[in-house]
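I have placed the structure first, in the form of structure tokens, so that the comments after it can refer back to it.
Sequence positions, counted from 1, serve as the residue numbers for this chain. One-based numbering, in listed order, for ligands and for the atoms of each.
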Amino acid sequence: MFDLTPGDISDSDRRIWEEDLADFVPDRVFDAHCHFFQQSHMKEGEKSPRQDIDLARMQEWNQAIFPGRRVNFLVLGSPNLGIDTARHNAFIAEELSRDPGSRAHRLTTPACTPDQIERDITDRGFIGLKPYRIYSVTGDKDHCRIHEFLTHEQLDVANHLGLWVTMHLSRPHGCGDEQNLDDLEEYTTRRYPRIRWILAHCARSFTYWPIRQAVDRLRDMPNIWYDLSAVNDLRPFLTLFTEENIKRIFYGSDGIGATFFHGKYVVFGRCWFPVEPDKRNFGFTHTPERPILSIYEQVLAMRHAADIAELSKDDIEGIFWRNAHEALEL
Ligand SMILES: [Zn+2]
């Protein structure tokens, strides 16, 4: 979808980095939500719009956007219909064998057996699972419940092994959905107490609304963390920074294919959409400034929310890397 290279970083990007972000982003960064992918992982005759991304490319991009920072990753398998899951997971494990400071979650579809999962955890160093709603056994990616794309059999093995699960919630209101909250409450407190959940994209709250509905219940659940990836609006950050335990919040970018483009995830009421002005003929005759990288929009929103919430330097370092280091036992 997005096809920038680090060479496309603009004067407007650089100005925002130098004037607004460089003194906010600490020396170390742990990106708890990013993806690797190669077209060669697709099955015969299948194609994905994703671009090829490996460890070297992620490092190159991160040096371009966060100059001089030491960056490590939690790499998640890339959900695509038509991907060869085994080939893809083998590639991720191989790439990460060269970066001892990074970790990975295994791409997991309902077709993966408990044996395959257990073998990849013990033999290949994966620490968790990356399921996704497009694999729902109901065929409905927009209204499925957690167990419909991460089966009870798989949840059982994840519980047995004490795995992490990065969960991009489905259903129209994400974490603002009562059924999702009931399921998470049942799983964290009773049925699967050893699974540790990272709720992606502020528990899938790209707008102000879902997390405001959910935070009072989520806060009381054990084994819940959040990544901030791809959310470009400061209001969900403000809710998390003021209402949740800061230690449960991880920085994440969603990686090259999702937030390294000039534009942003724009909120319209309670819905959102990635908007790329350069491809929409938007005019900016009133100013020499140009749209900046979506990842910079995210970090700028994090900064504004952190200022309003009066987070300390320690809190901010926690969000950017230390919380993940402690929780993932790196
Ligand atoms: Zn993602």
Side-chain angles (χ1 to χ4, degrees), residues 1-4 29-38 41-42 48-55 57-58 61-62 65 71-83 85 88-89 91-92 95-96 102-109 126-136 141-142 144 146 149-150 164-171 174-175 180 196-207 210-211 225-233 236-237 249-261 263-265 272-274 276 293-295 297-299 301-302 324 328:
M1 177 164 58
F2 304 122
D3 46 15
L4 291 195
V29 174
F30 189 86
D31 181 346
H33 184 140
C34 63
H35 302 275
F36 290 175
F37 179 72
Q38 304 280 296
H41 301 162
M42 298 303 288
S48 162
R50 289 176 189 265
Q51 54 173 307
D52 285 0
I53 298 160
D54 58 13
L55 180 63
R57 187 122 180 99
M58 274 307 285
W61 253 111
N62 275 277
I65 59 165
V71 187
N72 296 102
F73 310 100
L74 176 58
V75 177
L76 313 176
S78 293
N80 284 276
L81 294 174
I83 199 168
T85 311
H88 179 60
N89 286 326
F91 172 83
I92 292 173
E95 284 289 290
L96 285 195
S102 293
R103 294 290 182 272
H105 286 182
R106 178 192 190 283
L107 178 63
T108 300
T109 80
F126 287 96
I127 61 167
L129 308 180
K130 168 60 180 172
Y132 198 54
R133 61 199 178 90
I134 54 170
Y135 299 115
S136 172
K141 66 179 173 33
D142 297 321
C144 45
I146 294 169
F149 55 101
L150 182 64
W164 290 87
V165 172
T166 290
M167 173 53 55
H168 177 135
L169 291 164
S170 177
R171 303 174 67 78
C175 66
N180 276 338
R196 292 172 285 179
W197 302 83
I198 301 173
L199 303 180
H201 317 301
C202 298
R204 219 203 79 186
S205 187
F206 285 80
T207 83
I211 192 64
W225 284 263
Y226 306 83
D227 77 51
L228 306 183
S229 65
V231 173
N232 287 181
D233 190 292
F237 295 152
I249 302 172
F250 301 160
Y251 164 77
S253 72
D254 209 4
I256 297 167
T259 56
F260 294 26
F261 68 100
K264 67 190 295 190
Y265 290 79
W272 72 97
F273 199 81
E276 217 177 351
L293 295 167
S294 168
I295 186 62
E297 294 280 4
Q298 177 189 325
V299 179
M302 286 168 58
L328 303 178

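The Zn ion (ligand 1) has an N, O or S atom of His33 inside 2.8 Å of it. Distances from the Zn ion (ligand 1) show that Cys34 has no N/O/S atom below 2.8 Å.
The aromatic rings of Phe91 and Phe36 stand perpendicular to each other, their planes meeting at an angle above 60°, with 30° marking the opposite boundary. Ring geometry, Trp164 versus Phe250: the interplanar angle falls from 30° to 60°, so the pair is classed tilted.
If you run side chain to side chain donor-acceptor pair (under 3.5 Å) between Ser294 and each of Asn232, Thr259, Asp254, only Asn232 comes through.
Looking at Asp254 and the Zn ion (ligand 1) together, the shortest N, O or S contact belongs to OD1.
Between the OG1 atom of Thr166 and the NE2 atom of His105 there is a distance of 4.5 Å, given to the nearest 0.5 Å.
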